[in-house]
Amino acid sequence: MTEAPIRSILIVGGGTAGWMAATLLARRLEKQPVSITVVESPDIRTVGVGEATVPAIRDYFRAIGASDFDVMRATQGTLKLGIEFCGWAGPGTSFFHPFGLYGTSSRGVAFHHYWLKRRLAGDATPLAAYSLCTELAMANHVLPPPNKPANELGVFDWAVHFDAGLYARFLAVKATREHGVTHVEGTIDGVALDSESGNIASVSLADGRTLEADLFIDCSGFRSLLLGGALGIGYEDWIDLLPCDRAVAIPCERTSALTPFTRSTALPAGWQWRIPLQHRVGNGYVYSSRHVSDDEAVATLQSRLEGAPLAEPNLLRFRTGHRERFWHRNCIALGLAAGFLEPLESTSITLIQSGIERLVSLFPDRRFDPALADEFNRITTLEYARIRDFLVLHYYGNARTGEPMWDACRDLVLPEALAYKLRQFRSRGTMVRYEWESFQDPSWLSMFVGLGILPERYDPLADHFSGDQLDAAMSRMRDAIGKAIALSTPHATFLANNCSMKAA
Ligand SMILES: Cc1cc2nc3c(=O)[nH]c(=O)nc-3n(C[C@H](O)[C@H](O)[C@H](O)COP(=O)(O)OP(=O)(O)OC[C@H]3O[C@@H](n4cnc5c(N)ncnc54)[C@H](O)[C@@H]3O)c2cc1C
């Protein structure tokens with residue numbers, strides 16, 4: 001027994017971050033004598049976007065006792081096998097970032113060295129032909145990710161797309177009905193600090209109520225009411241590295257195929273997302289306000305919708321970066337209150353998830369040992385910076401010439417960790433891995449190769465096999481992928497059978 005256990009947690013904000021935190025904390029702390037309350041304003045709406053995820057979300061679903069299909073049934077969800085990038089490597093180009101491996105390694109040599117060896121000998125087969133996940137996505141088909149794949153060729157995973165509003169509602173019902181989380185509606189208009197410790201003591205609501213707690217979790221969105229506001233923690237801005245600072249979102253009717261992937265299409269001053277859901281398509285234009293006006297951005301997105309718009313344009317301004325500290329005194333920020341990396345690789349929700357898990361693993365008592373906060377802040381800072389570097393690569397590696405925003409991106413001075421990674425890959429295909437990277441080698445490989453960044457030479461150990469031997473092995477890999485595709489199911493059929501809201 002600890003001497004001073006946390007007795008009460010107040011979560012400020014009822015968006016994706018607030019309800020994800022409430023549900024998982026309630027589950028993880030179910031044997032602890034701690035009460036959890038979520039307070040949200042009926043007058044301040046949630047950000048209303050955030051509909052694409054990465055496969056790690058499946059761990060969160062498992063941790064709260066839900067299956068992928070439970071969530072998808074409740075949220076008009078669809079499956080996501082990766083992201084298709086259109087126009088990033090120049091007009092008319094496209095490539096895929098799959099949630100899966102490429103080919104099979106052999107004798108300790110990664111597959112891409114063998115592929116490169118054959119490429120240098122004149123074989124034009126794209127790397128993507130050795131990715132089951134990519135081939136499935138391009139066929140608009142899905143297969144359940146195998147629990148025990150026979151070899152690396154079968155290794156892939158999926159994530160989900162969901163309606164953000166329905167997802168928050170699904171979690172809110174779970175948290176309040178199954179786990180006894182208290183839900184308070186009210187707008188906070190004051191925060192009181194303890195005069196001795198400087199900790200947050202309570203928040204006051206516009207209707208006169210006061211809410212006290214031992215631990216405060218700031219999920220108040222871009223406002224960062226507690227950490228940024230009351231505690232005055234500053235913001236580290238990355239606008240010099242990532243050019244986009246605004247977005248407009250407009251959902252529309254779906255008139256084309258139910259693709260099992262997000263599409264990201266480069267446009268002159270940013271990029272457009274397309275996220276297919278069962279009942280609609282989510283669309284957004286993420287752009288640089290230095291290169292296009294809001295009106296032009298809205299008009300561009302409107303002109304590119306595949307079906308009738310289902311809502312007015314939702315304009316969002318953001319500052320890419322993060323709070324200088326994520327945990328300070330008795331307050332931890334999650335979600336947009338902690339920071340924001342633009343949605344190019346759908347990483348905000350996964351950062352919320354890892355933040356909650358990290359809080360659980362470093363859970364404090366009422367003494368709030370600063371060592372716990374230090375470790376939380378050290379890891380979270382690294383996690384943000386690693387994702388930032390992955391996003392920066394997308395812009396830096398572009399091949400769109402004659403467009404000021406994109407031209408400037410190719411001249412970026414890269415953070416040294418990214419510059420080193422690039423040098424190593426360019427030199428001999430070496431993949432550098434850092435601590436706390438959210439994206440693993442195959443993700444980096446897909447971006448390098450997709451953007452046309454190729455190594456000068458391959459691992460000499462790949463010469464163990466002759467060209468003929470490699471051709472035969474690689475042909476067998478393509479055959480095996482073809483056979484798996486033949487057993488797969490169209491995405492729309494799979495959803496209708498397993499996770500249609502109508503079937504719920
Ligand atoms: C353009 C864009 C696209 C995105 N796309 C993706 C994506 O594809 N994938 C992904 O993972 N993430 C994406 N994100 C991020 C994702 O939307 C957020 O991480 C996620 O929705 C969490 O938001 P939140 O809960 O932190 O904040 P919000 O949704 O803004 O919720 C804030 C909450 O705080 C409450 N609040 C605020 N002030 C007060 C107050 N004074 N009193 C009481 N309550 C208050 C509000 O009522 C609300 O409930 C995107 C973000 C943007 C901007």
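The basis for the numbers below is simple: all heavy atoms, side chains too, and nothing from hydrogens, waters or symmetry mates. Each ligand, and each atom within it, is numbered from 1 in the order the structure gives.
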Given the options Y384, F448, W444, Y396, F390 meets ring pair (Phe, Tyr, Trp, His ring centres under 6.0 Å) only with W444
Going by ring-ring contact (aromatic ring centres under 6.0 Å, His included), name the residues that satisfy it together with F363, two or more places apart in sequence or in a different chain. none
Check whether any side-chain heavy atom of L225 sits under 4.5 Å from a side-chain heavy atom of V12, and report yes or no. yes
If you draw a 6.0 Å radius around CZ in R169, do more than 12 non-hydrogen atoms from other residues or ligands fall strictly inside? no
Contacts of type side chain to side chain donor-acceptor pair (under 3.5 Å), residue T350, not counting sequence neighbours: none
Contact set, ligand 1, heavy-atom distance under 4.0 Å, ordered by chain/number, equals G13, G14, G15, T16, A17, E40, S41, I44, T46, V47, V49, G50, E51, A52, G186, T187, I188, C219, S220, G221, R223, L225, A247, W273, L316, G335, L336, F340, P343, S346, S348, I349, I352
Could you pull out all residues at least two apart from T187 that satisfy side chain to side chain donor-acceptor pair (under 3.5 Å)? S41
